[in-house]
Protein chains: 2
Amino acid sequence: MPADITCLIVDDHEVVREGLRLSLSRAPHIRVVGEASDGASAVALAQRRRPNVVIMDVRMPGMDGLAATKEITDTVPETAVLIFTAYSERSLLGRGLESGARGYILKEAPHQTLLRAIEKVAAGEGYVDPALMPSFLNGKDRDEMLTAREREILQLLADGMSNADVAGRLFISQETVKSHVRHILAKLEANTRTHAVATALRTAIID
Amino acid sequence: MPADITCLIVDDHEVVREGLRLSLSRAPHIRVVGEASDGASAVALAQRRRPNVVIMDVRMPGMDGLAATKEITDTVPETAVLIFTAYSERSLLGRGLESGARGYILKEAPHQTLLRAIEKVAAGEGYVDPALMPSFLNGKDRDEMLTAREREILQLLADGMSNADVAGRLFISQETVKSHVRHILAKLEANTRTHAVATALRTAIID
DNA sequence: CCGGCTATCCCCCTTTTGCGGTAGAGGAGT
DNA sequence: ACTCCTCTACCGCAAAAGGGGGATAGCCGG
């Protein structure tokens, strides 16, 4: 019989932390050892408590869940991070796993599924929500197709910058920006930069 | 001593419903009489159970929280709707109240605050989360400044349509569309349509 | 060592967008 | 009745964006 699984809850919404606490309290072998409502305190708490699993939201004020995940997996390697997020952020799966997360589960998952995912990642295995597998396998995991540079440019477009503005900001030629934009449009199957930015915001490729 | 407050929970995330159930179970005078995970079943349940209060999320698959709110306040006038949503959707406040909601509270609110809000709306009073009052009073409640037509056009822009496309869709002249777009840009303080769409998506003016 | 990916840059051309000003018709409120 | 707002529509012009074609250099993995 294994020891208890220690668990850290990270989410900026009080009500979600309550819900998680309630769900986890039903599993006798899981113990919640802390809660955080933003990335920075999540990292600090993880380093102090060294839990087996961190249940991590992505969208949070200040340091977001992906940055916090990278920080935690770098400094507390024995801790497994399970990303816990909404369906609309499904395209973060790729970057989530890149940043060191061991699992990825949706907020709409029933709690039995959540408990199984926690056990899996605590045992050193990976877990990906079944609802995400189709898009993952089809390579429709859209943000994976964008390079870091392209995401960076797309982010600036979302802030209303023209090609010239972006070129100035990144110290590159305007022609280069146009080139990147054309690639972004092709990859996101968008006709206009506006459409590309909307798609990216909707699937949380940028924010 | 008043009778119990009956309450319906509407949110598409299992974990949020759990959290609400837990929070509300701590208040002896509040009784949860139902749960729904989308707008349509929320309306059906409200009509059958006729609760004192509906705690309503906004973003949901299918019928959203605003449409459900309008439907409920139209058909079950004795029921008070309390909109319960995330900070990033703060600009929905105006439309929320328009659609008949009697209160508006943020998901990050501590549960005592939530309980107070429930009591207030059950008693026939209004409630607006204090965190939203500054933007409300300053008139920075951005989506209030956009007319219905402008929102409609902005929504189409977000789907990647050109002025000509929008004109065709709405059976109006392209010049008219340009006119609307200029007004939108001015109101949202955006330089480009892309910026306007990004702002609108970020503050949930459109989706 | 070579092929593929990435980032950079350049040309030309057409279409779209943004910005200025202007204005009538209809509705709501005072 | 009068005013304010909204939606509608037009003109012209300068800037920006989109689409096509290229090219070069670095870097990484087979």
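Worth saying up front: this structure is predicted, and the values here are computed from it rather than measured. Every heavy atom of this structure was used, including side-chain atoms; hydrogens, water molecules and symmetry mates were not. Numbers restart at 1 for each chain; the letters A, B, ... are given by sequence-line order, proteins then strands.
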> Less than 4.0 angstrom between a side-chain N/O of Thr192(A) and OP1 or OP2 of dA17(D), yes or no?
no

> Can you find a pair of side-chain heavy atoms, one from Thr176(B) and one from Leu170(B), that are under 4.5 Å apart?
no

> A side-chain contact here means heavy atoms from C-beta on lying under 4.5 Å apart; do Ile172(B) and Arg149(B) qualify?
yes

> How many Å lie between CD on Gln174(A) and C1' on dC9(C), as a whole number?
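From Gln174(A) CD to dC9(C) C1': 12 Å.
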
> To the nearest Å, give me how far apart NZ (Lys187(A)) and P (dT6(C)) are.
5 Å

> With side chains defined as the heavy atoms from C-beta onward, is the minimum distance between Leu157(A) and Thr194(A) less than 4.5 Å?
no

> Calculate, to the nearest 0.5 Å, the distance between atoms CZ and NZ belonging to Arg193(A) and Lys178(A) respectively.
9.5 Å

> Can you find a donor-acceptor N/O pair under 3.5 angstrom joining the side chain of Ser179(A) to the base of dC9(C)?
yes

> Choosing from dC19(C), dG18(D), dT8(C), which nucleotide comes nearest the side chain of Arg149(A)?
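Of dC19(C), dG18(D), dT8(C), dT8(C) is nearest to the side chain of Arg149(A).
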
> Between dT17(C), dC9(C), dT8(D), which nucleotide gets closest to the side-chain atoms of Asn163(B)?
dT17(C)

> With sugar-phosphate meaning primed atoms plus P, OP1 and OP2, does Thr176(B) contact a base, only sugar-phosphate, or nothing at under 4.0 Å between heavy atoms?
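It contacts base atoms.
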
> Pick the closest DNA chain D nucleotide for Arg182(A) and for Met161(A) by heavy atoms, then say which residue is nearer the 5' end.
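Counting from the 5' end, the first nearest nucleotide belongs to Met161(A).
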
> Could you state the atom-to-atom distance from CG of Leu170(B) to P of dT6(D) in whole Å?
18 Å

> So which nucleotide from dG18(C), dA17(D), dT8(D) ends up closest to the side chain of Lys178(A)?
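Among the listed nucleotides, the one closest to the side chain of Lys178(A) is dA17(D).
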
> How long is the line joining CD of Glu189(A) and P of dG19(D), in whole Å?
13 Å

> The side chain of Ser162(A) lies closest to which of these nucleotides: dG18(C), dA17(D), dG18(D)?
dA17(D)

> Rounded to whole Å, how long is the line connecting atom CG of Asn191(B) with atom P of dA15(D)?
16 Å

> Remember a base hit wins even if backbone is also touched, and classify His180(A) as base, sugar-phosphate or nothing at under 4.0 Å, heavy atoms.
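Base, at least one base heavy atom under 4.0 Å.
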
> May I have the distance from His183(A) (atom NE2) to dC9(C) (atom C1'), rounded to whole angstrom?
12 Å

> Atom CG of Leu188(B) to atom C1' of dG18(C): distance rounded to whole Å?
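That distance rounds to 15 Å.
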
> Identify which nucleotide among dC10(C), dG18(C), dT6(D) has an atom closest to any side-chain atom of Thr147(B), counting heavy atoms from C-beta outward.
dT6(D)

> Nearest whole angstrom, please: distance from the P of dA16(D) to the CZ of Arg193(A).
11 Å

> Let me spell it out: for each of Ala148(B) and Glu175(B), pick the nucleotide of DNA chain D with the closest heavy atom. Which residue's pick is nearer the 5' end?
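Looking at DNA chain D, the more 5' nearest nucleotide goes with Ala148(B).
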
> Between Lys107(A) and Asp129(A), is there a side-chain N and carboxylate O pair less than 4.0 Å apart?
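Judged by the 4.0 Å cut-off on N to carboxylate O distance, Lys107(A) and Asp129(A) do not form a salt bridge.
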
